[in-house]
Amino acid sequence: MVILRGVNLTGDSKVPPFRPGLTEIDFARLQGLGMNVVRLLFLWEAYEPQAGYYDESYLAEIRATAEAAWAHGMYVVIDIHQDGFSRYASRGSGDGFPGWAVSHRGRPSTPDNSPSSRYWPVLMATDPTTHRSFHDFFTDAMGVRTRYLMMLSRISMTFANTHGVIGYDLMNEPWGDEELELAPLYRDATAVLRSQHPSALMFIEGHVTTNTGIQTRLPRPAFAGVAYAPHFYKLSTLALNRWYGSPTTAHHAFANMTAKANEWNVPLFLGEFGVGADTRNAGGYVSHLYDRLDACLASGAQWNYTPRWNDQTKDGWNGEDFSILDPAGAIRPNFQPRPYPRHTAGTPLLFHYQEANQGGCGLSFAWDHDPARGDTEIFVPNALFARNSAITFFPADAICWRDEVRQLLVCRAARPTTIRIQMTPH
């Protein structure tokens, strides 16, 4: 079993010139943090700025970015990204759909993704043009849904032959009736994508409001190869710019998310989570979310890494400030490298990591080992676990050793058995 942990790329690629602009240095930094997946933003506006005209140079750069991620050991999820439909909707604070896709029954906005659009969720929720545009999209009133499927068909021909691309998040944080509009869209999009890319996984999200932890009403997909990929943001923490330490909301959200994944019998991939770096107790909040991911042995990608972050425009979109690293590569207060079992030779049973400020320190992991599946690999950051950190394991005939170059704890056994390990930093 593989658990994916990584980050979204990049916050400022939602706006012109739309290019992720990542370098070898950026991917080396992420690899050093133990990441093995990236959720890579793809903006329809950037690829098809006019109906029927495709900017192939944009697609080529996204492909090159995916290849670079894979060269550094990271899988890639192509995220068909939108927020509030378009930069020409949601009173200028949105992104994603091209301007020509905005409803003719609405009033197009002038794009304004400056810090003055900080409260973009309110602008999105209260803009009639946004809702008319989504309605017209789902009914294909102007042929936009048809063009969306054509776009997916075109890009799948490229990504089917791109190393590391494992699948597609079909639409980021959508509006629409989950049963009557989103489910049929996902069905049709999957059919189009798999005609060119048959092995692709589909990362499925519910209505944007499920980001708060409420349960989705999406029906179980009729097609296989699915991951349930909700997001989670705690509204009070974002609004007050402070986390008071209460775990209740996250516990409720993760209960809903894991219940839905179990109902569908699919993996849980938390596609977005995080908090602004200037949030009071940001580190404790994010660590708490990773604790929940560990408890349910789930995958996830934090929002976000923006290498061009700066003090003035922050992440470069609506004044958001979620980037986990600064331009020099220094870790910001909303992130901390953590151990996790990235590959389990068998079935994981339990993983737990406790930080020093939680009354103890170290990790414990148990799994039912299948020797036919090779070695189990646990990412253990050298910065947290020094060379002489204590390792204990059971049974005695299991073998475990440190690979400090790759920052891994590797374990194997010659027979099927339940292996338990503990590692305590010096």
Side-chain angles (χ1 to χ4, degrees), residues 7-16 18 20 39-49 77-99 101-103 106 108-138 144 148 151 168-176 178 181-182 185 203-212 229-235 238-239 270-276 301-306 313-323:
V7 71
N8 285 262
L9 304 175
T10 61
D12 59 359
S13 64
K14 298 183 183 184
V15 295
F18 300 112
R39 185 171 177 261
L40 180 58
L41 274 64
F42 183 94
L43 279 295
W44 187 9
E45 179 190 358
Y47 183 49
E48 193 179 1
V77 177
I78 301 297
D79 164 34
I80 311 301
H81 203 88
Q82 71 80 38
D83 300 284
F85 199 78
S86 171
R87 293 191 304 128
Y88 299 90
S90 295
R91 297 184 171 87
S93 68
D95 64 80
F97 281 67
V102 174
S103 174
S109 305
T110 299
D112 177 20
N113 296 113
S114 69
S116 63
S117 294
R118 176 180 178 184
Y119 298 106
W120 64 268
V122 177
L123 301 176
M124 170 182 63
T126 58
D127 179 30
T129 298
T130 299
H131 302 293
R132 288 170 182 156
S133 296
F134 271 112
H135 179 269
D136 288 357
F137 169 71
F138 287 117
V144 177
Y148 164 83
M151 177 271 294
Y168 305 84
D169 191 324
L170 300 176
M171 185 176 292
N172 179 75
E173 300 184 356
W175 288 83
E178 293 182 319
E181 295 174 326
L182 287 177
L185 178 72
F203 292 78
I204 303 297
E205 300 185 41
H207 189 278
V208 62
T209 52
T210 62
N211 291 3
T212 62
H231 300 174
F232 174 67
Y233 293 99
K234 185 172 181 178
L235 293 182
L238 297 179
L270 190 60
E272 286 186 25
F273 62 97
V275 74
Q302 187 170 341
W303 183 269
N304 70 82
Y305 174 46
T306 300
T313 61
K314 308 298 182 181
D315 293 349
W317 184 79
N318 291 356
E320 285 194 348
D321 187 21
F322 284 67
S323 185

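When reading the values below, keep in mind they use all heavy atoms of this one structure, side chains included, and skip hydrogens, waters and symmetry mates. The model shown is predicted, which means the values in this text are computed figures rather than measured ones.
The salt bridge (Lys or Arg N to Asp or Glu O under 4.0 Å) test applied to Asp315 returns no partner, not counting sequence neighbours. Partners of Glu178 under the salt bridge (Lys or Arg N to Asp or Glu O under 4.0 Å) rule, at least two apart in sequence or in another chain, do not exist in this structure. For His135, there are no ring-ring contact (aromatic ring centres under 6.0 Å, His included) partners at least two apart in sequence or on another chain. In this structure Phe85 satisfies the ring-ring contact (aromatic ring centres under 6.0 Å, His included) test together with Phe97, Phe134, sequence neighbours excluded. Take Leu238 and apply the side-chain contact (heavy atoms from CB on, under 4.5 Å) test, not counting sequence neighbours, and it matches Tyr233, Val275, Phe322.
Atom CD of Gln82 sits about 10.0 Å away from atom CG of Leu43, to the nearest 0.5 Å. Atom CG of Leu270 and atom CZ of Phe232 lie 9.0 Å apart (nearest 0.5 Å). The line from CD1 of Ile80 to CZ of Phe203 is 12.5 Å long, rounded to the nearest 0.5 Å. Here Asp127 contributes atom CG and Ser133 contributes atom OG; the two are 8.0 Å apart, rounded to the nearest 0.5 Å. With rounding to the nearest 0.5 angstrom, the OH atom of Tyr47 is 9.0 Å from the CE atom of Met151. Interatomic distance, Thr209 OG1 to Leu235 CG, rounded to the nearest 0.5 Å: 10.5 Å.
Aromatic ring centroids of Trp303 and His81 lie under 6.0 Å apart.
Side chains of Leu182 and Trp175 form no contact here, defined as non-hydrogen atoms less than 4.5 Å apart. Looking only at side-chain heavy atoms (C-beta outward), Phe18 and Ser13 stay at 4.5 Å or farther from each other. Residues Leu170 and Tyr148 meet the side-chain proximity criterion, which asks for heavy atoms closer than 4.5 Å. By the 4.5 Å heavy-atom criterion applied to side chains, Trp120 and Glu320 are counted as neighbours. The closest side-chain heavy-atom distance from Ser117 to Asp112 is below 4.5 Å. The shortest side-chain heavy-atom distance between Phe42 and Tyr168 does not fall under the 4.5 Å cut-off. Residues Ser109 and Thr129 have side chains not in contact (no heavy-atom distance under 4.5 Å, counting atoms from C-beta outward). When side chains are defined from C-beta on, Asn304 does not count as touching Trp317, because their heavy atoms never get closer than 4.5 Å.
Nearest approach of Ser90 to Ser93, heavy atoms of both residues: O-OG, 2.8 Å. Contact record, Ala101 with Val144: CB-CG1, 3.7 Å, taken as the closest heavy-atom pair. Here the closest heavy-atom approach between residue Pro98 and residue Pro49 is recorded as CB-O, 4.5 Å.
In this structure, the side chain of His131 engages the main chain of Ala125 through a donor-acceptor pair within 3.5 Å. Panel note: side chain Thr306, backbone Thr10; no donor-acceptor pair is recorded below 3.5 Å. Glu205 places a side-chain N or O within donor-acceptor distance of the main-chain N or O of Glu173, the cut-off being under 3.5 Å. Between the side chain of Asn8 and the main chain of Glu272, no donor-acceptor pair closer than 3.5 Å is present. With hydrogens and angles disregarded, no donor-acceptor distance shorter than 3.5 Å links the side chain of Gln302 to the backbone of Val7. Judged purely by atom type and a 3.5 angstrom limit, Asn113 uses its side chain to pair as donor or acceptor with the backbone of Gly94.
Judged as a salt bridge (Lys or Arg N to Asp or Glu O under 4.0 Å), the pairs with a partner in residues 77-95 (not counting sequence neighbours) are, in order, Lys14-Asp83, Arg39-Asp79, Glu45-Arg87.
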